[in-house]
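Working notes for the structure below.
Values below: all heavy atoms of this structure, side chains included; hydrogens, waters and symmetry mates excluded.
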Amino acid sequence: MRNVYWIIIVLFLAILASCSHGTKKYRIGVSQCSDDIWRNKQNSELKIGAYFHDNVVLRFAAAYDSDERQIQQIDSLIDCGIDLLIVAPNQVSTISSAIDRAYDKGIPVIVFERKTSSKKYTAYMGADNYEMGRLMGEYIATRLNGKGKIMEVMGLKGSSPAIERHDGFVSAISQHPGIEVVSTLQGDWTEPTAYSIVKQWLDAHDGVDVDLVFGMNDRSAMGARKAFSEKGKKLPLFCGIDGLPGEDGGIRLVRDSLLEASYIYPTHGDQLIQLAVDILEGKPYKKETKFMSALVTHDNARVLKLESDEVIRQSKNIEQLHEKASGYMRELNSQRTISWLALVAIGLLLTLLLGIYMYYLQRAKIQDERRQMERDQLDFYTQVSHELRTPLTLIEGPLEQLAETPEIKNASEETNGIFSIVRRNTRHLTKLISKLLDAQVGAPSSSMDGDEIDAMIVTRPVDTVSSVDEIDENASTVLIVDDNADIRAYLNSILKGKYKVLEACDGQHGLEIAEELVPDIIVSDVMMPNMNGLEFCQSVKTNIITCHIPVILLTARALSEHQIEGYESGADAYITKPFSSDLLLARIANLLQSRHQLKDLWSAKLPAETASEQSESAVDYISDPFIERFKTILESKMGNSELSVEDLSREIGLSRVQLYRKIKAITGNTPVDLLRRARLQAAYQLLTTTAMTVSEIAYKVGFGSPSYFTKCYKDEYGTVPGECRKK
Ligand code: FRU
């Protein structure tokens with residue numbers, strides 16, 4: 001469910017992101033060298049040009065005719081991360097370094113209107129200033145009928161239009177020898193500078209007449225006009241360049257005869273933007289573009305004024321339209337955002353509702369399943385109840401009938417004992433099944449495991465350990481450890497014919513009996529009070545007296561974890577209840593048998609020649625630490641002919657019975673047998689390696705008399721002691 005939420009949220013975010021990500025934005029930096037009406041006109045054309053491209057953002061900077069300021073401004077435009085630079089360099093060479101930096105950073109550079117000495121630019125756009133100067137020179141020469149005095153007011157020194165316009169002008173004038181340039185004054189494109197330099201010149205050249213002033217732009221021409229007017233002299237003719245529209249523009253000045261002529265210096269900001277976009281979009285473009293233009297004279301000024309006024313009006317309309325369109329766009333965008341937010345909210349709400357619905361659906365399903373399970377469980381137990389009760393009734397009923405028959409009434413005590421065990425436990429089983437079913441019906445989710453059922457069985461601890469009544473000398477001894485007296489009685493009845501049986505009611509008693517009587521095998525329950533079967537088994541296996549005794553764990557705990565626990569405690573076998581008596585008997589016989597095989601290794605009679613050696617290897621094979629210890633004691637003490645089993649058991653720290661049973665269980669021999677065999681083996685050693693007499697050897701190894709030694713030797717090896725010396 002959580003995943004569904006996440007998927008939906010991510011989907012919404014992706015849709016939102018895809019909506020907000022439009023086409024890539026192009027940031028274009030415009031570095032203007034000056035701030036004047038010509039630049040303003042061009043800037044507004046640039047803006048209008050940008051309206052046609054949704055993805056173009058313009059950043060303007062004006063350097064106010066200062067090289068340093070323009071360098072700084074270009075650097076900060078680069079830092080802002082512009083995608084393209086449009087630059088009108090103040091002078092030809094002074095800001096080339098800044099242009100180079102932009103270009104070297106991979107920013108395309110468009111140089112426009114003024115030129116640069118740098119070769120690092122992408123494209124150039126501008127008018128042909130040389131041609132403009134030349135045409136103006138031609139016009140002036142014609143206007144003056146090839147004769148007259150001219151003053152030239154130059155543009156900013158070092159700026160390319162100033163240089164080119166001058167060159168063009170001079171080339172035209174030089175064709176007319178009647179035309180004399182009385183002065184070439186260095187201006188800087190501004191009206192105040194033109195005014196002051198012309199004023200100065202007039203003050204210095206009072207007697208000199210001027211017929212025409214050529215200002216390199218209209219503002220310079222008007223500055224000169226002002227200086228001449230103030231001087232009160234006859235005004236010469238004034239010509240300029242720029243020919244701008246509007247009230248302050250050159251067209252109006254020509255129309256009103258303030259200027260004699262002007263030349264339209266084209267701005268074409270919209271074309272500049274188109275070039276920039278083409279470069280940015282990787283489209284083909286012209287590296288050098290030159291604009292064509294025309295003269296403004298009294299002949300065309302009126303028409304041009306009308307036309308340019310119309311253009312201005314239309315531009316204003318476009319501005320207004322753009323303003324309106326921008327307003328609509330803003331409104332549309334905010335409405336779009338609201339729509340998306342509403343959509344996201346609806347989506348989330350729907351997801352939430354879906355989530356809640358699915359949650360309830362799931363819950364209902366689980367509840368249905370649970371109810372079904374409970375019904376199935378109940379059905380199962382009801383069915384099992386019938387299945388169990390039927391055969392139980394068929395056991396219990398006939399048993400009750402049998403109990404009343406003379407055969408049972410007159411049967412032996414033993415038969416009666418077994419019969420009453422069967423009856424008692426049948427009744428008990430009936431009760432247990434009822435309890436089990438009651439528990440299920442009352443609390444359907446509760447359960448009873450095997451251990452609980454074990455715990456419900458009424459136990460009757462024994463007060464005394466059953467005596468070892470009918471001991472058959474050769475039979476093995478089995479110790480039964482169980483807190484349930486019936487089980488003990490039942491086990492007893494199974495084992496009684498074949499084994500001597502000992503009984504204990506819990507682990508603690510079991511351990512005491514095992515230590516004292518050292519049985520051959522132990523059969524123990526696991527769940528018992530005081531000391532449970534696992535602890536008991538562990539204690540048996542870690543006790544020096546009992547560690548060799550095989551232990552069979554007998555229990556209702558059938559899970560494999562329980563069995564592992566049993567084996568970890570040291571058990572040799574694990575039999576689960578209910579068990580078959582044959583299986584138990586077979587397991588006991590099997591474990592005892594494997595013990596006998598060990599005994600055989602010890603008790604095998606060995607040929608005299610190899611007795612010593614093979615007997616040694618047999619000892620090594622068994623490698624029982626207890627036997628090792630016993631052997632060492634035997635070897636050190638056997639020289640003493642008075643040595644008794646009591647002496648040996650005292651030495652080893654056990655009672656006579658314990659020692660006897662332990663030695664017998666492990667080796668199959670009695671301690672006395674082992675003592676005699678050890679003496680014989682030592683004697684054999686002496687016979688084959690020393691020159692001692694048979695009598696000396698007999699006494700040395702602890703025989704009371706040489707004749708008894710010879711008898712025992714012959715019994716063991718089948719030859720007389722002297723025999724081995726003959727070879
Ligand atoms: C505007 C201007 C014009 C002139 C041009 C020369 O900044 O001064 O008046 O024609 O630049 O580059």
Side-chain angles (χ1 to χ4, degrees), residues 128-159 161-243 250-265 293-301:
D128 187 341
N129 279 290
Y130 180 88
E131 183 63 5
M132 219 178 283
R134 197 185 67 74
L135 285 173
M136 190 49 90
E138 284 297 336
Y139 170 78
I140 287 169
T142 313
R143 179 68 180 81
L144 294 178
N145 293 321
K147 195 168 161 273
K149 291 187 173 138
I150 295 174
M151 172 188 277
E152 187 187 6
V153 181
M154 299 272 287
L156 180 70
K157 197 175 178 198
S159 68
I163 298 163
E164 289 170 358
R165 283 176 196 179
H166 173 75
D167 291 349
F169 179 68
V170 170
S171 82
I173 292 296
S174 59
Q175 304 297 314
H176 303 277
I179 303 275
E180 182 197 351
V181 179
V182 290
S183 174
T184 297
L185 300 177
Q186 185 60 60
D188 64 0
W189 303 115
T190 64
E191 188 175 332
T193 305
Y195 162 74
S196 79
I197 53 171
V198 171
K199 191 172 185 295
Q200 268 176 34
W201 188 87
L202 286 175
D203 289 346
H205 302 82
D206 214 9
V208 184
D209 279 336
V210 173
D211 300 308
L212 190 143
V213 176
F214 169 45
M216 274 203 184
N217 62 354
D218 293 343
R219 285 179 292 143
S220 301
M222 288 305 285
R225 191 173 204 283
K226 192 176 162 198
F228 273 96
S229 306
E230 277 180 12
K231 201 71 188 164
K233 289 177 84 175
K234 181 181 161 258
L235 285 179
L237 298 174
F238 293 95
C239 289
I241 289 181
D242 277 352
I251 296 174
R252 204 270 302 170
L253 297 174
V254 175
R255 188 199 66 183
D256 293 351
S257 300
L258 296 169
L259 293 180
E260 186 57 26
S262 183
Y263 201 98
I264 295 175
Y265 190 45
S293 194
L295 262 173
V296 184
T297 61
H298 292 300
D299 299 337
N300 62 8

Nearest atoms (heavy-atom pairs only) where [X] meets [Y]:
X    : Y    : value
N300 : L295 : ND2-O, 2.8 Å
Q186 : K157 : NE2-N, 3.2 Å
D218 : G240 : OD1-C, 3.0 Å
S220 : T190 : OG-O, 4.3 Å
L156 : A162 : O-CB, 3.4 Å
R225 : F238 : CA-CZ, 3.2 Å

Q: Using atom types as modelled and distance alone, determine if a side-chain donor or acceptor of D242 lies under 3.5 Å from a backbone N or O of Y265.
A: no

Margin query: I'd like to know if the side chain of H298 reaches the main chain of V254, judged simply by a donor and an acceptor atom lying under 3.5 Å from each other, with no hydrogens or angles considered.
Written below: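 It does hold such a pair.
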
Could you check whether any side-chain heavy atom of [X] comes within less than 4.5 Å of a side-chain heavy atom of [Y], counting everything from C-beta outward?
X    : Y    : result
I173 : I150 : yes
C239 : I140 : yes
V296 : R255 : no
W201 : V210 : yes

Spacing of [X] atom [atom1] and [Y] atom [atom2] [to the nearest 0.5 Å]:
X    : Y    : atom1 : atom2 : answer
R143 : I179 : CZ    : CD1   : 11.5 Å
F169 : M216 : CZ    : CE    : 8.0 Å
M154 : D188 : CE    : CG    : 12.0 Å
D211 : M151 : CG    : CE    : 11.5 Å
L253 : M222 : CG    : CE    : 5.0 Å

Can you confirm if the NZ or CZ of R165 lies within 45° of the ring axis of Y263 and under 6.0 Å from the centre of its six-membered ring?
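Relative to the ring axis of Y263, which defines the angle, R165 lies outside at least one limit.
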
*asked:* Apply side-chain contact (heavy atoms from CB on, under 4.5 Å) to residues L235 and S229 and explain how you reach the verdict.
replied: CA-CA 7 Å; L235 285 179; S229 306; 3.8 Å; yes

Can a salt bridge be assigned to the pair K231 and D203 using a cut-off of 4.0 Å between side-chain N and carboxylate O? yes

**Request:** Check salt bridge (charged side-chain N to carboxylate O under 4.0 Å, His left out) between E230 and all other residues, then give those that pass, not counting sequence neighbours.
**Result:**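 Expected list: none.
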
Exercise for review: Kindly determine whether E164 and R134 satisfy side-chain contact (heavy atoms from CB on, under 4.5 Å), including the steps that lead there.
Suggested key: CA-CA 9 Å; E164 289 170 358; R134 197 185 67 74; over 6 Å; no

